[in-house]
Each structure stands twice: as structure tokens, then as C-alpha cells.
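Here is how names work: the chains are called A, B, and so on, in the same order as the sequence lines, proteins then strands, and each is numbered from 1.
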Number of protein chains: 4
Amino acid sequence: MPATVKPADAEEARPRARGRPRSLTSRDAILKAARELMDQLGPAGVTMEAVAARAGVGKPTVYRWWPDRHAVAMAALMEAQPSDQPAAIAKRTRTLQAALAQQMQDIADTFGSPRGRSVASMIAASDPNTELSKAFRNHFVLARREEGRGLLQEALQRGELREGLDLDVTLDLLYGPLFFRLLLGHAPLDAAFVKQLLGQVLLGLRSGDGN
Amino acid sequence: MPATVKPADAEEARPRARGRPRSLTSRDAILKAARELMDQLGPAGVTMEAVAARAGVGKPTVYRWWPDRHAVAMAALMEAQPSDQPAAIAKRTRTLQAALAQQMQDIADTFGSPRGRSVASMIAASDPNTELSKAFRNHFVLARREEGRGLLQEALQRGELREGLDLDVTLDLLYGPLFFRLLLGHAPLDAAFVKQLLGQVLLGLRSGDGN
Amino acid sequence: MPATVKPADAEEARPRARGRPRSLTSRDAILKAARELMDQLGPAGVTMEAVAARAGVGKPTVYRWWPDRHAVAMAALMEAQPSDQPAAIAKRTRTLQAALAQQMQDIADTFGSPRGRSVASMIAASDPNTELSKAFRNHFVLARREEGRGLLQEALQRGELREGLDLDVTLDLLYGPLFFRLLLGHAPLDAAFVKQLLGQVLLGLRSGDGN
Amino acid sequence: MPATVKPADAEEARPRARGRPRSLTSRDAILKAARELMDQLGPAGVTMEAVAARAGVGKPTVYRWWPDRHAVAMAALMEAQPSDQPAAIAKRTRTLQAALAQQMQDIADTFGSPRGRSVASMIAASDPNTELSKAFRNHFVLARREEGRGLLQEALQRGELREGLDLDVTLDLLYGPLFFRLLLGHAPLDAAFVKQLLGQVLLGLRSGDGN
DNA sequence: GGATAATCGAGACGGTACGTCGCGTCTTCAT
DNA sequence: ATGAAGACGCGACGTACCGTCTCGATTATCC
């Protein structure tokens with residue numbers, strides 16, 4: 001799913017806007033420049049002037065695509081990491097616990113990187129009410145949570161989990177602690193933690209009731 | 001615990017510095033101004049110029065106390081909310097589950113407020129490695145988590161929880177999902193959620209092993 | 001005589017260019033828009049974007065007719081005021097002094113208007129070496145001076161003026177002070193001034209020599 | 001007399017403004033930079049960015065002293081040429097005609113230079129109603145005209161000129177044609193012209209009446 | 001009559017400069 | 001020495017126009 005501000009590509013009419021079409025080349029150059037600045041200087045380095053200069057583009061062209069520097073940075077990060085296959089590959093080959101463990105470790109690795117830190121800091125710094133901010137959170141965090149929902153539902157169908165489980169609470173029980181440690185950094189985020197976390201959560205999912 | 005970067009008020013010598021002493025009045029006026037700006041304009045509104053102007057203070061005076069705008073903002077927020085008694089009062093009067101539920105609901109209320117949103121956004125936006133940032137995270141999040149540790153330890157001594165419990169994982173299991181929903185806002189953070197959350201977590205704490 | 005930069009309509013071949021011919025409707029709309037902007041906002045308001053937008057025309061269409069914004073503004077002003085009959089009508093009906101007085105008052109009125117101020121400011125602001133600039137100066141100022149030359153020559157033939165008069169100096173003696181006050185605004189430009197001016201100048205033209 | 005916008009140096013109170021005083025060093029560097037740009041690139045080259053960069057000064061500092069680019073350019077030109085002694089020296093040593101001839105040739109030389117062209121173009125391009133614009137016109141043009149008034153008054157006292165002369169008209173009669181040719185460029189501005197001009201004007205001043 | 005070609009409106013393009021705001025530092029006088 | 005005041009160099013902001021280009025659509029001439 002593209003990171004543009006106006007996807008709007010419902011296949012209907014869309015009367016082939018008048019005038020010169022926007023240059024996708026410019027758009028890509030802008031996002032590439034933003035990504036490089038993000039990696040080299042962090043989120044604060046993604047200034048409109050630096051992005052435009054590095055992309056070989058006029059500042060107004062950047063503003064034609066995105067309304068401000070936060071939007072450019074978010075679009076660059078979203079385009080950089082498609083949020084795709086990694087877990088999907090592993091999905092079917094393991095047990096629920098193994099699949100979740102792998103995905104969570106993958107998330108930890110991703111967010112442990114400098115670019116991941118940038119993502120985290122932008123999630124919290126941006127106005128949470130804008131559409132772009134929601135899309136960004138969805139892209140980087142909630143999409144992973146939805147992968148987990150898929151894994152849980154399969155396990156549910158296999159009868160490995162008890163009926164009547166509140167999936168949303170369970171998902172937060174899995175991913176909440178993960179991002180909590182990522183953001184706070186008060187304790188290590190290693191394989192042992194993931195194992196313990198999964199163990200405690202899954203224990204409560206197998207039998208009995210959680211009330 | 002003061003919010004200044006340099007407490008340094010070790011009671012020893014301190015040769016009664018020459019010249020005019022720093023005005024505590026100024027300090028308080030600065031923090032008050034910062035708090036007001038934070039409430040009215042959000043974290044981005046806490047600029048040094050605005051703070052100094054509103055406090056009726058010169059900019060260098062602000063810089064004499066804190067090194068940059070983030071520090072002023074953090075100090076203002078920390079001074080505003082002492083992170084004290086609320087849970088302490090309730091501690092002894094209820095069951096573990098009830099005490100935790102009350103504290104968590106209290107946290108949710110606190111962070112649901114505009115000022116709480118500011119706190120959350122500053123946590124994620126600030127450089128996580130600075131001392132001030134650590135103090136800030138500790139003040140607003142980890143201190144609450146430590147309150148929970150106290151509650152769990154009491155329950156442990158009462159034999160309500162199984163031995164060998166990994167308290168750190170358990171604490172993240174409790175507070176992680178809470179802050180996860182606070183930050184992401186993907187699902188409501190109401191009493192039902194708190195109840196479900198506590199139910200699922202405590203279920204795994206009572207018997208059996210979590211491995 | 002049209003105000004376009006490229007009249008070039010030498011009646012010869014001109015192989016009746018292929019393709020769609022330029023729209024005179026557009027041309028007129030552009031000049032009309034430029035005139036309106038000039039009147040409402042002054043010379044600085046005559047921007048290519050505003051002209052094109054107000055004329056309901058694409059920017060390249062404007063550039064197809066004129067090379068830059070100055071040219072458009074000058075063309076608009078020149079087209080607006082044909083520099084014609086006013087004095088021509090009066091020419092024959094009066095004495096030299098009366099005819100000059102009327103023309104000069106007419107010039108003063110013209111240049112005293114907002115549009116006249118625009119003309120004056122463009123004369124001085126434009127690069128004096130371009131062809132267009134020369135045509136513009138000629139249209140608005142020197143053409144009037146040439147009218148005066150005609151009046152003087154008639155008077156010369158009637159024997160009202162002494163022989164050997166340097167007409168160019170005399171013309172500048174008449175029109176120089178007029179435009180001087182117009183541009184500098186240091187003193188009123190009223191009928192009394194015109195009368196005084198003509199009196200002093202013509203005094204020197206009647207007899208004796210000016211050496 | 002300085003070119004600052006706020007001279008206001010009436011020697012009275014002026015309570016020694018609070019805060020850091022403005023740096024005259026910066027002011028001078030700005031004006032010097034503006035002058036150099038004016039000489040090298042013409043009036044259009046005097047952009048705020050270029051001035052600030054060349055002066056080694058921040059843009060806001062330039063705006064602290066002058067409100068816009070025109071003001072900077074005018075101040076630079078006024079500071080560059082003090083509009084002083086030249087004629088004053090010659091004043092007493094010659095006849096009226098010789099003194100005027102020298103001054104007028106001096107004016108022609110001054111305004112014939114590139115910098116003089118810039119001055120002329122700025123006079124006509126600037127909003128004639130602002131205080132700065134008036135000061136500018138006064139500095140470069142009317143001050144010279146006033147020198148001429150002095151010369152005429154001396155001649156008047158010596159009895160060289162007839163009584164009842166309208167000095168203002170006479171002055172415009174002298175300087176108007178000069179600036180007319182300067183601005184329009186339709187005829188040479190050489191010694192012969194100056195001689196002819198003075199001859200015709202002075203002829204009318206000696207005897208008879210100009211009505 | 002169908003191809004060809006220059007024009008049309010529209011509007012995005014790379015740029016330059018605008019005038020503003022905030023940073024964190026420095027310099028002044030008054031306390 | 002510290003207080004407030006405020007100017008300093010700096011750098012980024014977001015906007016306005018510049019003059020050029022690239023679209024699809026239109027309108028004429030030429031084959």
C-alpha cells in the first residue's frame with residue numbers, strides 16, 4: 001500500500017487531472033533523500049531544506065506532496081519498510097509459540113535499529129489525530145499486531161486455545177510488553193524475555209477462564 | 001526530588017557564592033510558564049522565548065537553570081505532578097487485583113489528559129540516553145511500575161502467587177498493554193479492559209509454571 | 001501602432017504558419033488583466049501568475065507573447081493609452097503658449113493619476129537599454145516632447161521665435177521641469193506653475209541670443 | 001546625517017535602552033555589502049540573503065535595522081555619498097554661471113556612473129510616500145537643487161538677477177532638464193548642453209519680467 | 001478528410017528570495 | 001555575580017513568483 005497522502009486510486013473516473021502530472025521521479029528522490037538523512041542524522045535531520053537539496057528538487061515540490069516535515073519523514077519510513085512477508089513466511093511452518101517468538105524477535109530487531117528508534121520517536125511525537133499519523137502507527141505497529149491475530153485465530157481453529165478468548169486483550173498482552181521495553185528501555189529485550197513473555201501469556205490461553 | 005539537572009546541593013561547604021544569588025522566584029515562574037504553555041499549546045509550544053517572555057525573565061536566566069528546551073519542559077511536567085500517594089493510599093485497603101485495577105485506572109486517567117499526552121510524547125521523542133530523559137521516564141512510568149512491584153511482593157508474601165515468578169516480566173505484562181493502548185489508541189482504555197487484562201495476567205500467576 | 005513587442009507583420013511571405021494560430025482573444029484578455037492589476041496593486045502587482053490567472057489563460061500563453069513581466073506591464077500600459085489626439089486637436093486652435101499650456105496640463109493630469117505614477121515608475125525602473133524600454137519611454141514621454149517640437153516649429157515659421165534656436169534644448173527646458181516635479185513631487189504641479197514655466201522659457205525664445 | 005531609520009538622537013533623555021545595544025559593526029558591514037552588491041549586480045542584486053551572507057550577518061539582523069530590501073539599498077547609497085562639499089567649495093570662487101555649470105556637470109557625472117543609474121532607478125521605483133523615499137530623493141536630488149538656490153540667492157543679493165524672481169520655478173528650470181536627459185537618455189548630456197541650458201535660463205533672469 | 005502541428009488551459013517543475021521564528025550565545029546596564 | 005533585556009549569528013520554516021516543461025484537448029492548415 002503506497003505511502004502517498006492521496007492514494008484515492010479508486011478505479012472509477014478520476015478525470016485525469018489537468019496540467020502536468022506530478023513527477024514520480026521527484027517523489028522518489030525526495031523519499032530517498034529523507035531516508036538517507038534519517039539514517040545519518042536522525043529524525044531531527046530531516047529538514048525540508050536538506051531533503052530538497054539532497055533530492056535535487058525545489059522546496060515547493062516537496063510541499064506539493066506532503067504538508068510538512070513530519071509527513072515527509074513518515075512517508076519515507078513507510079516506503080522504506082513495506083511491512084510484509086517476514087512473519088508471513090514463518091507463519092505456517094511452526095507452532096504458535098515458535099511463530100510468535102520469531103515475529104516478536106523480528107520486531108525487536110527492527111525497532112532496535114537506529115531507523116526503528118526513529119520510527120518509535122515519530123510515533124510518539126506526531127499529532128495522534130491526523131490521518132497520516134494513524135496510518136504510520138498502523139503500518140509499523142498495528143499491522144504486526146494483526147499478524148499476531150492471524151496466528152491466534154489459526155490456533156483457535158486447531159483447538160489449541162480455549163473458546164471465548166478476547167483476542168484484542170490477548171494481542172495487547174503480547175505486543176504491549178514488547179513495545180513497552182522497546183520504548184522505556186528499562187530491561188533487556190532478549191530471547192529470554194520473549195520466551196518468558198510468551199510462556200506466561202499462552203499459559204492463560206489454554207484452559208480455564210481469565211475472569 | 002527536585003527536577004533540576006544539577007541538584008548539587010550537597011550540604012557541604014559551598015562557599016556562599018559571591019554576587020547576587022539565583023532567584024528561586026524566577027525558577028518557579030519559569031516552570032509555571034512552561035506548564036501553562038504545555039497545557040495550552042502542547043509540547044511544541046514550550047519554546048524558550050515564549051517561556052522567558054511569559055515568566056517575565058531573560059532567556060539567559062532560563063539557560064542558567066536548564067540546558068535546553070526539552071529540559072525545561074520535562075522539569076515543568078515533573079514538578080507539576082509529584083508521582084506520589086495516590087496508589088499508596090489505596091495499597092493496603094484492597095485485594096491485589098483491586099489495588100492494581102485502581103492504580104491502572106488512575107494511570108489511564110492521568111495519561112488520558114492533555115498533559116498526560118504531552119508526557120507520553122516527550123518520553124518517546126527525547127533522546128533516550130540522557131540522564132534527564134531517564135529521570136523523566138522513571139518519574140512518570142517506571143515509578144508506577146515499581147508501585148506494582150510492591151503490591152506483587154506483598155501478595156507473594158501472603159502466598160497468593162506462586163513461587164519463582166519473574167516479577168519484571170509480570171510487571172511488563174501488566175503495564176505494557178496499558179501504555180500500549182495509551183500510546184497507540186487502537187482500542188478503548190476502559191474499566192472492562194483493565195479487568196480483562198488483570199484477569200488474564202493474574203490467572204497465570206496463581207499456579208502451575210509459566211515456562 | 002500596436003503595442004506588441006514583435007509586430008513583425010511585414011506583409012511579405014510569412015508562409016501562413018501551420019498549426020493553430022495564436023488567439024487574439026487571449027492576448028487582449030492578458031493585457032486587460034495586466035491593466036486591472038496595475039491599477040489595483042501598482043506595478044509590483046503585475047505578476048505573471050496573477051495576470052495569467054485573472055485572464056483565464058495559461059502562463060506559457062503569456063510568455064508566448066511577451067518575454068517577461070516587465071514587457072507585459074509595458075504593453076498593457078501602452079495599449080491602454082494610445083498617446084494620440086488630445087494635443088493634436090488643440091494644436092491649431094490657440095497661440096503657442098496656450099497650446100503648450102494645455103498640453104502640459106494634460107500631461108500633468110495623465111501622470112498624476114495612479115496609472116501615470118505606474119508609468120513613471122516603470123520608466124525609471126526598467127533597464128534603459130532594451131528596445132522595449134526605449135519604445136515605452138518614447139511612447140509616454142518623448143512623443144509628447146515631439147508634439148511640442150511641432151508646435152515650436154510652427155511658431156518658428158510664423159516668425160514668433162528667434163532664429164537659430166536649439167530646439168532640443170528648448171524642448172527639454174519645457175518638459176524637463178514638468179517631469180521633474182512629477183517624479184520628485186517637491187512642489188505643486190498646478191496651473192500657476194505651468195504658466196510661470198512657460199513664461200520664463202518663452203521669454204528667452206523671442207529675441208536676443210541665449211549664449 | 002546618518003541614514004538610519006530612527007535617528008531620534010535628540011540629545012535629551014533617551015533612557016539608554018535596555019538590553020544589548022545594536023552592533024554598529026554589523027550595521028556598517030551590511031551597508032558595505034549592499035553597496036558592493038549594488039555596484040556589481042545593480043539594484044536587483046541587493047537581496048536580503050546576499051547582503052546578509054556577504055556581510056557575515058544573520059538575516060534577522062538586517063531586518064532589525066531596515067524593514068525591507070529597498071530600505072537597505074537606499075541606506076547604503078545614502079551612506080556612500082554624503083552629498084556634501086563638492087559645490088560648496090566651488091561656490092564662492094566663480095561667477096554664478098560658472099558655479100552652476102560646474103555643479104551641473106558634477107551631477108551629470110555622478111548620475112552617469114553605474115551607481116548613479118542605480119540611484120535614479122530607485123528613486124522612481126520606490127513608493128514615493130514613505131519617509132525613507134522622501135529622504136532619499138532629498139538626499140540625492142533636492143539637496144543639489146538647494147545648493148543651486150544658495151547660488152541664486154547670492155547672485156540676487158549682488159543685483160545680478162532681477163527682483164521678484166520665482167526661485168522654485170527657476171530651480172526646476174535648471175535642474176529639471178538635467179535630470180530629464182539623465183533619465184530619458186534621448187540626447188547627450190555634455191558640456192555643450194549644460195552651456196546652452198544655462199544660457200537660455202539665465203537670459204530670462206537678468207531683466208524684464210517672466211510673465 | 002485525415003494527418004500534422006502549433007496553440008490552448010492547466011499546473012508541476014527546479015529555483016531564488018521572501019520575511020518570520022526559534023535556537024543558544026553574548027553584551028549591556030541595573031541590582 | 002546575577003538579574004532582565006534584547007541583539008547577535010545561524011538555520012529552518014512555509015509562501016510567492018520566476019520562467020520552463022509537460023500534459024491532454026483544441027483548432028487550424030496541408031496533403
Worksheet, complete the sentence: note: D:I30, atom CD1; F:dA7, atom P; distance rounded to Å ~ 13 Å
Worksheet, complete the sentence: Sequence neighbours excluded, the answer for side chain to side chain donor-acceptor pair (under 3.5 Å) partners of D:T61 is D:R64
Item to complete: Look at the side-chain N and O atoms of D:S26 and state whether any lies under 4.0 Å from the OP1 or OP2 oxygen of F:dA7.
Response: no
Discussion item. For E:dG11 and A:R22 - does any side-chain N or O of the residue sit under 4.0 Å from the phosphate oxygens OP1/OP2?
Written reply: no
Fill in: Rounded distance (Å) that lies between atom C1' of F:dC13 and atom OH of D:Y63
14 Å
Report all side-chain donor-acceptor pairs from residues 46-54 of chain D shorter than 3.5 Å, counting only partners two or more places apart or in another chain.
residue: D:T47; atom: OG1; partner: D:A50; partner atom: N; Å: 3.1
residue: D:E49; atom: OE2; partner: D:K59; partner atom: NZ; Å: 2.7
residue: D:R54; atom: NH1; partner: D:E36; partner atom: OE1; Å: 2.5
residue: D:R54; atom: NH2; partner: D:Q40; partner atom: OE1; Å: 3.2

Practice prompt. Examine the base of E:dC13 for any acceptor or donor lying under 3.5 Å from a partner atom in the side chain of A:R20, and report the outcome as yes or no.
Written response: no
Practice prompt. Check whether any side-chain nitrogen or oxygen of B:R69 sits under 4.0 Å from OP1 or OP2 of E:dC23, and answer yes or no.
Written response: yes
Worksheet item: Within this structure, what is the CG-to-C1' distance between D:L24 and E:dT28, rounded to whole angstrom?
Response: 14 Å
Discussion item. Nearest whole Å is fine: how far is F:dC8 C1' from D:R27 CZ?
Written reply: 17 Å
Discussion item. Is D:W65 close enough to F:dC8 that one of its side-chain N or O atoms is under 4.0 Å from OP1 or OP2 there?
Written reply: yes
Worksheet item: Under the side chain to side chain donor-acceptor pair (under 3.5 Å) test, which residues partner D:S126, sequence neighbours left out?
Response: D:S133
Response to the item:
Residues at least two apart in sequence or cross-chain that pass side chain to side chain donor-acceptor pair (under 3.5 Å) with B:R115, listed by chain then number, are B:D39
Worksheet item: Minimum heavy-atom separation for B:V119 to B:F136, with atom names?
Response: O-CE2, 3.8 Å
Discussion item. From CZ of A:R64 over to C1' of E:dA10, roughly how many Å is that when rounded to an integer?
Written reply: 13 Å
Discussion item. Going by side chain to side chain donor-acceptor pair (under 3.5 Å), name the residues that satisfy it together with A:R35, two or more places apart in sequence or in a different chain.
Written reply: none
Discussion item. Short of 4.0 Å, heavy atom to strand atom, which residues of residues 43-62 of chain D count as contacting DNA chain E?
Written reply: D:T47, D:M48, D:E49, D:K59, D:P60
